[in-house]
Amino acid sequence: MGGFGVLLLVLVLTSGSCSCSRHVLNMAEAPKPNSATKNESQLSLDKVRQALISQEDTIVYRLIERAAFPLNSPTYHRKFSSSPSLFHFLVKGTEALQSQAGRYVIPEQLPFFPENLPPSLLPPPAEPPVLHRAAASININEKILDIYLKQFLPLLAVPGDDGNYEATASSDLECLQAISSRIHYGYYVAEVKFRDAPQDYEPAIRAQDREGLMKLLTFTAVEEKVKKRVEKKAVIFGQEVSLDSDTNGVKQNGTANGKYKVDPSLVSRLYGEWVMPLTKLVQVEYLLRRLD
C-alpha cells in the first residue's frame, strides 16, 4: 500500500467519533480479559458481569452516534476502488492496520474480514491464556454483520442521504466492533460458568447436547433485567439536554417517555433479539469444545 493509502486509512481510524464515545470506550473496556484476568484466580463471574455491564455504555453511545446519520445507502451499495463498497473498503483497510497493531491478539476482538490479514507487529502476551484453545476457532462475525446491515441498521437509521459516507462507514464499524466484542465475551462467561460447576456442564458437553447447554445458560429473569437496563441507559444517555426544560425522561419503571437520540426500545430489542442470543450461541460453541 502506498503512502497516500496508509495516510487515508490512518485518517479513517481517527475520524467519525466524538470524544465522549472514546472516553466511554476506554472506561467500558477497562476490565479486559488480557489485563484484569492475567491470573486465572481473578477470573470470576462477578468480574465478567461487570465487564459486560460496562460494555453496554460503549454500545449505547456508538448507537447514538450512528443514529445521527441517515441510512446513506450508497455507503454499502456503490463500488469504491477495487472494493464492492466504501463500507467494505474502510472496514478491510482499518482491520489490516488494527491487526498489525495487535487488536486481534485479544480473544474477544475479532475481524469481520479475517482473510489475508497481516500479522501483529507486537510480541504475543507474556501471561498464559485463561481460555481454552477452542475460543480461537469461534468467530460469528459473519452472522453479526449480516444481521446488522440487513435487519438492525434499517431500524436504527432514518431513511435519507446526507453524503457523509465515510463518517457513516466509520460509525458502523465502531458499532459492529462494540457489539461483536460484547457477543464474543461469551467465551469468558462460558469458561467461568464451567469452572464454577463442571459437574453441571460435562454431561451435556460429552453428549454434544446443544439444546441442553442452551437451557443451562438461559436465565430469563436476568435477560429481562439486562433489557431494561440498556433501555434505561439509552434514555439517560440519549436525552436532548436543555437548561430550559426538564430532561428527566425516565419513569419509575425505567421506560422511556420522550424523544431521544436513539430509540430506547430499539436498544432493548437489540439485546433481546440479537446480542444475548448470539452471546449464548458463542457460549454453546465454546462449551462443546471445552473438553477437547
Side-chain angles (χ1 to χ4, degrees), residues 21 24-25 27-29 31 45-68 108-110 112 138-157 171-190 192-193 213-239 249-251 253-258 260-286:
S21 174
V24 171
L25 171 62
M27 178 271 293
E29 293 186 349
L45 188 58
D46 182 62
K47 288 182 179 295
V48 170
R49 283 173 176 163
Q50 289 303 313
L52 294 175
I53 291 172
S54 294
Q55 289 174 36
E56 294 169 4
D57 298 2
T58 303
I59 291 174
V60 172
Y61 272 108
R62 290 187 173 180
L63 294 178
I64 288 172
E65 290 183 357
R66 179 58 185 90
E108 75 275 16
Q109 301 291 350
L110 296 168
F112 287 89
I138 303 168
N139 181 349
I140 64 167
N141 271 350
E142 183 176 352
K143 182 185 292 288
I144 295 170
L145 180 61
D146 186 69
I147 290 172
Y148 178 86
L149 291 177
K150 295 180 180 178
Q151 299 182 52
F152 181 69
L153 187 57
L155 301 174
L156 175 66
S171 185
D172 281 322
L173 177 56
E174 291 189 337
C175 286
L176 282 163
Q177 288 179 330
I179 292 169
S180 171
S181 177
R182 164 59 173 82
I183 290 170
H184 288 98
Y185 214 89
Y187 303 147
Y188 295 93
V189 180
V192 74
K193 286 183 176 180
L213 287 171
M214 187 63 75
K215 288 181 179 178
L216 287 170
L217 295 167
T218 299
F219 298 90
T220 304
V222 173
E223 292 178 7
E224 288 301 315
K225 288 181 180 179
V226 172
K227 289 164 59 179
K228 290 180 180 179
R229 185 172 61 239
V230 296
E231 181 175 4
K232 188 170 183 179
K233 287 183 177 184
V235 169
I236 295 172
F237 300 164
Q239 295 183 54
V250 185
K251 294 180 179 180
N253 61 2
T255 57
N257 181 27
Y260 305 95
K261 296 175 183 177
V262 63
D263 182 358
S265 65
L266 180 60
V267 180
S268 176
R269 182 179 173 186
L270 169 66
Y271 266 76
E273 293 187 17
W274 295 302
V275 170
M276 289 189 288
L278 290 177
T279 302
K280 288 190 290 185
L281 174 62
V282 168
Q283 293 179 60
V284 169
E285 293 299 323
Y286 179 85

Grab the two heavy atoms, one from [X] and one from [Y], that are nearest each other, plus how far apart they are.
X      : Y      : result
Val275 : Thr279 : O-OG1, 2.7 Å
Tyr148 : Arg66  : OH-CG, 3.8 Å
Ala234 : Val60  : CA-CG1, 3.8 Å
Ser268 : Val230 : CA-CG2, 4.0 Å
Ala190 : Tyr286 : CB-CD2, 3.7 Å
Glu56  : Val226 : OE2-CG1, 4.0 Å

Within the side chain of Ser181, is there an N or O that forms a donor-acceptor pair under 3.5 Å with the backbone of Gln177? no

[Y] side chain reached by [X] side chain, heavy atoms, under 4.5 Å:
X      : Y      : answer
Leu155 : Arg269 : yes
Lys280 : Glu223 : yes
Arg229 : Ile53  : yes
Leu270 : Ile59  : yes
Phe152 : Leu63  : yes
Lys225 : Phe219 : no
Val222 : Arg49  : no
Ile147 : Leu278 : yes

If you apply the rule side-chain contact (heavy atoms from CB on, under 4.5 Å), what do you find for Leu213 with Gln283, and how did you get there? CA-CA 9 Å; Leu213 287 171; Gln283 293 179 60; over 6 Å; no

Could you grab the distance from atom [atom1] of [X] to atom [atom2] of [Y], nearest 0.5 Å is fine?
X      : Y      : atom1 : atom2 : result
Ile183 : Ile138 : CD1   : CD1   : 13.5 Å
Asp57  : Phe237 : CG    : CZ    : 4.0 Å
Leu110 : Glu142 : CG    : CD    : 13.5 Å
Glu273 : Gln151 : CD    : CD    : 8.5 Å
Ile64  : Lys233 : CD1   : NZ    : 12.0 Å
Ser180 : Gln109 : OG    : CD    : 7.5 Å

Should Arg62 and Glu65 count as an ion pair when the cut-off is N to O under 4.0 Å? no

Apply side-chain contact (heavy atoms from CB on, under 4.5 Å) to the pair Val192 and Lys47, showing each step before the final yes or no. CA-CA 10 Å; Val192 74; Lys47 288 182 179 295; over 6 Å; no

